[in-house]
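Take a look at the structure set out below.
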There are 2 protein chains.
Amino acid sequence: MVYSTVEKIIEVAELQARAGGYNALSFRVIAKQVGIKSASIHYHFATKADLGVAIAHRYTARFEQQLAKLAENSTQPSDRLEGYIALFVQALTVDKKMCLCGILAAESDLLPEALQRAVQVFFEVNVAWLHGALFAGQPQAKAQAFFVLASLEGALLMSKVMQTDAPLEQVCKLLRQDCWQ
Amino acid sequence: MVYSTVEKIIEVAELQARAGGYNALSFRVIAKQVGIKSASIHYHFATKADLGVAIAHRYTARFEQQLAKLAENSTQPSDRLEGYIALFVQALTVDKKMCLCGILAAESDLLPEALQRAVQVFFEVNVAWLHGALFAGQPQAKAQAFFVLASLEGALLMSKVMQTDAPLEQVCKLLRQDCWQ
DNA sequence: CAATGCCTATCTTCCGATAGGTAGGTTAGA
DNA sequence: TCTAACCTACCTATCGGAAGATAGGCATTG
């Protein structure tokens, strides 16, 4: 697979942001890892905010694709929940990184406005999917959608800092129990 | 003057960190708000990491005090849960800021080691309290402790970035329903 | 007299951003 | 088909500013 320079920049930047947030993004560090000079990044992304937005957009788009595939491949709500959970477990156990939009949401107060909006979209997309594909028709569908997403983001946070998979594992266990009796 | 310089530094720094995380802390900005020079902060806190640890320690200590008072003033688990929930609701509606340790946990990968440990302690304290004061004796006490804390941290995150109290409110509503039948 | 708590001045390092240059490829007109 | 114009994707060099940190000085206080 051949990656373009732009794709490489976004890929490297995403991993960096998922480790330390927006302020941890450094043009020089990204450039070094990609194999170009920091000034060249400005050719593809005029400002740091533009780069941030691009990362968030790609991250959300990739998530949306996986959600669509999930709804396509399984009709049972319990299977869909399992697939949804797997997205967060993968972030922790495979990428060993936070959810990009989770970490950006935490520091959203000080983000450029365009990036703030891009992060918002991620959460709206997720809530909408949970609402429509997982809790459709249920009386408290919206609340349950918030609940699942919030508990997974929070559990990811806790597992990262506590350096053990236990929080996310336990939260997943209860999600499986409580949502579908 | 009621507050010492050290207390003022920590107070200002906490608010700053709760808005944008560790990297958003700036000695110069803190100094300006406190009314001293940035070099003077180094007299009280040798390094930025030391200041970060001090913030986290005070934040955790204050939380512990509130938890102790909570356990003292109410014996009913449902009342204790209500009081616990209130701590997070207050962060959102009164302070209009993230939980300090929530935002630091998100970027824990790149934090100084001492600060990382200080943030860990916050979560351990919370889990221990939930486990002992709220779910004592229940078969899945540990899992439920993780679950409550994770969902509240995540909901806070979501409410911040979505700029609406709805996520936290809805999560609280379900917590009240699901935890005590 | 010495410790405390601040100050000024300055250091190095890193940051995002800009200006201007260049090699190589594509396009368009005579 | 030759060539002038242009575009793409980088480069070097440099800017102003902000970052944390340090050295040394100067009052106030006990």
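Here the structure is a predicted model, which is why all the values come from computation and not from measurement.
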Does a salt bridge link A:E169 with A:K173, judged by any charged N lying under 4.0 Å from a carboxylate O?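 Between A:K173 and A:E169 there is no salt bridge, as every charged N stays at least 4.0 Å from the carboxylate O atoms.
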Is the shortest distance from a Lys or Arg side-chain nitrogen in A:E11 or A:R58 to a carboxylate oxygen in the other one below 4.0 Å?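 Counted as a salt bridge, because a side-chain N and a carboxylate O are separated by less than 4.0 Å.
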Any residue of residues 42-55 of chain A with a heavy atom less than 4.0 Å from an atom of DNA chain D: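 By residue number: A:Y43, A:H44.
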B:F135 and B:F146: aromatic ring centres closer than 6.0 Å?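 Ring-ring flag for B:F135/B:F146: false, centres at least 6.0 Å apart.
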Would you name the heavy atoms of [X] and [Y] that are closest together and state the gap between them?
| X | Y | result |
| --- | --- | --- |
| B:L87 | B:L67 | CD1-CD2, 3.9 Å |
| B:G21 | B:I103 | N-CD1, 3.4 Å |
| B:C99 | B:E153 | SG-OE2, 3.1 Å |

For the pair A:W129 and A:Y84, name the ring-plane relationship: parallel under 30°, tilted 30 to 60°, perpendicular over 60°.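 Aromatic pair A:W129/A:Y84 classed parallel.
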Does the side chain of A:T5 get closer than 4.0 angstrom to OP1 or OP2 of D:dC10 through an N or O atom?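 The answer is yes; a side-chain N or O of A:T5 sits under 4.0 Å from OP1 or OP2.
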Gap between atoms NZ and P, on A:K37 and C:dC15 respectively (whole Å):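 For the pair A:K37 NZ and C:dC15 P, the rounded distance is 14 Å.
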Nearest-angstrom distance from the residue atom CD of A:Q16 to P of C:dG16: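 Those two atoms, CD and P, are 10 Å apart.
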For A:Y22, is the NZ or CZ atom of A:K48 found under 6.0 angstrom from the centre of its six-membered ring and inside 45 degrees of the ring axis?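 Flagged: A:K48 positioned over aromatic ring of A:Y22.
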Can you figure out which of D:dT12, D:dT22, D:dC10 approaches the side chain of A:A39 most closely?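 Side chain of A:A39 sits closest to D:dT12.
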Could you identify which residues of residues 18-31 of chain A place a heavy atom less than 4.0 Å from some atom of DNA chain C, listed by residue number, or say none?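 A:L25, A:S26, A:F27, A:R28 - these, ordered by number, are the residues of the stretch whose heavy atoms sit under 4.0 Å from the strand.
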